[in-house]
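I have placed the structure first, in the form of structure tokens, so that the comments after it can refer back to it.
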Amino acid sequence: MKIAQVEVFVLKTALDQPFAFSQGWVHQRAATLVRITSDEGVVGWGEAFAQGLEPPEIAAAAIEHALKPLLIGENPLDTAVLWQRMYAATRDYGRKGSVVSAISAVDIALWDLSGHFYNQPVHQLLGGAIRDVIQPYATGFYRISGQKESARLAEEALQHREAGFTAMKVKLGFGIEDDIEVMAAIAKALNDDTIELMVDTNHAYGRSDALRLGQALDQYQLRWYEEPVVPEDITGYAELRGKLNTPIAGGENEHTPYGFSQLLQAGGIDIAQPDIGSCGGITAARDIVAIAQANGAAVNPHVWGTAVAQAASLQLIAALPIPHASLFAKEPILEYDRSSHPFRQHLITEPWNMVDHVIPIPQGPGLGIEVRMDTVEKYKAN
Ligand code: CA
């Protein structure tokens with residue numbers, strides 16, 4: 001079997017209501033999707049992570065110009081061989097960011113294709129499922145004006161609980177005093193110690209402010225404190241981790257086993273958060289999981305893309321080991337972005353349904369989803 005076609009689809013749509021995280025205002029939702037088709041007609045889909053400020057055309061160009069020529073005519077079941085070839089060919093200008101996201105999209109598509117070929121879900125190809133359902137957590141609390149939104153954000157917390165979420169992650173990084181006010185308002189409104197809270201500043205602060213915020217939030221028994229400092233500041237990560245009680249999480253802006261190895265060996269994080277659409281795909285994520293486990297850290301994938309990226313995350317999470325096994329060990333949880341996204345779930349024929357606070361892992365071949373071409377055509381920008 002040979003790879004016959006590699007097609008890239010850039011999807012974009014403007015948002016009616018722009019929203020902010022600490023790094024800027026998000027005006028559109030976008031995705032870089034790739035469809036790989038073999039000469040036998042077996043198809044696989046993948047997605048490159050495009051964060052809110054990232055033009056999806058960068059990864060699309062990398063796939064089209066740098067990776068596609070390496071793939072046509074090759075055996076699509078050679079996932080590890082092709083990963084090494086793509087990485088080596090782009091090493092001198094890639095290694096981090098959108099080029100690795102492009103490799104990730106291709107790699108996810110090759111695993112999806114392999115799953116269809118073997119008629120097995122990706123988690124089976126990874127060695128089998130440790131779990132068949134997963135608890136999602138709500139990622140939300142984005143801002144629509146900026147600061148002084150604690151009353152609205154407290155109301156939002158109640159809406160997530162009403163929708164069935166038992167864990168939620170609050171976007172902070174809008175000024176220490178504002179952050180503290182927001183957390184106090186949310187904790188007071190929920191008044192519920194069965195709801196787990198996490199925070200994410202998207203690396204808004206330097207070490208001392210990040211520490212000051214972390215100390216103020218230690219009282220909330222957070223499940224984790226995400227991206228406290230910039231991803232380059234590995235020493236800062238390790239310092240904060242030594243000084244705070246709250247577990248430190250990070251990794252959505254880290255890439256490949258090489259990058260994660262440095263962060264983990266420095267003792268920077270308790271929880272590694274590779275995004276399957278940017279860490280190097282399923283092939284890289286599998287190695288990152290092993291490195292995390294060897295360094296005593298848990299893995300909880302980051303995901304902010306469409307249902308294609310969510311499906312890749314679900315498949316990996318199904319097979320994710322718990323590094324500190326015990327009778328009542330914490331299970332990994334699925335990041336579920338609750339911010340506005342007009343085509344996130346419309347891209348697949350069977351959108352997820354949360355039942356009794358959990359989502360079932362898709363059991364169909366490959367990623368376990370069917371992509372709707374009518375939705376692709378509707379939002380296609382290239
Ligand atoms: Ca984040």
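Counting begins at 1 with the first residue of the sequence. Order of listing sets the numbers, starting from 1, for every ligand and every atom in it.
Checking Asp200 against the Ca ion (ligand 1), an N/O/S atom falls under the 3.0 Å cut-off.
Restricting Glu252 to its N/O/S atoms, the shortest distance to the Ca ion (ligand 1) is reached by OE1. Nearest to the Ca ion (ligand 1), among the N, O or S atoms that Glu226 has, is OE2.
A cation-pi arrangement is not found for Arg143 relative to Trp25, the charged atom failing to lie both closer than 6.0 Å to the ring centre and inside a 45° cone about the ring normal.
For CD of Glu370, the number of neighbouring non-hydrogen atoms (other residues, nucleotides, ligands) closer than 6.0 Å is 12 at most.
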Practice item. Check the pair Val358, Ile134 against side-chain contact (heavy atoms from CB on, under 4.5 Å), reporting the backbone distance first and the verdict last. Key: CA-CA 5 Å; Val358 294; Ile134 178 154; over 6 Å; no
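Checking Lys171, Gln51, Gln23, Glu226 one by one against Asn202, the side-chain hydrogen bond (donor to acceptor under 3.5 Å, both in side chains) holds for a single residue, Lys171.
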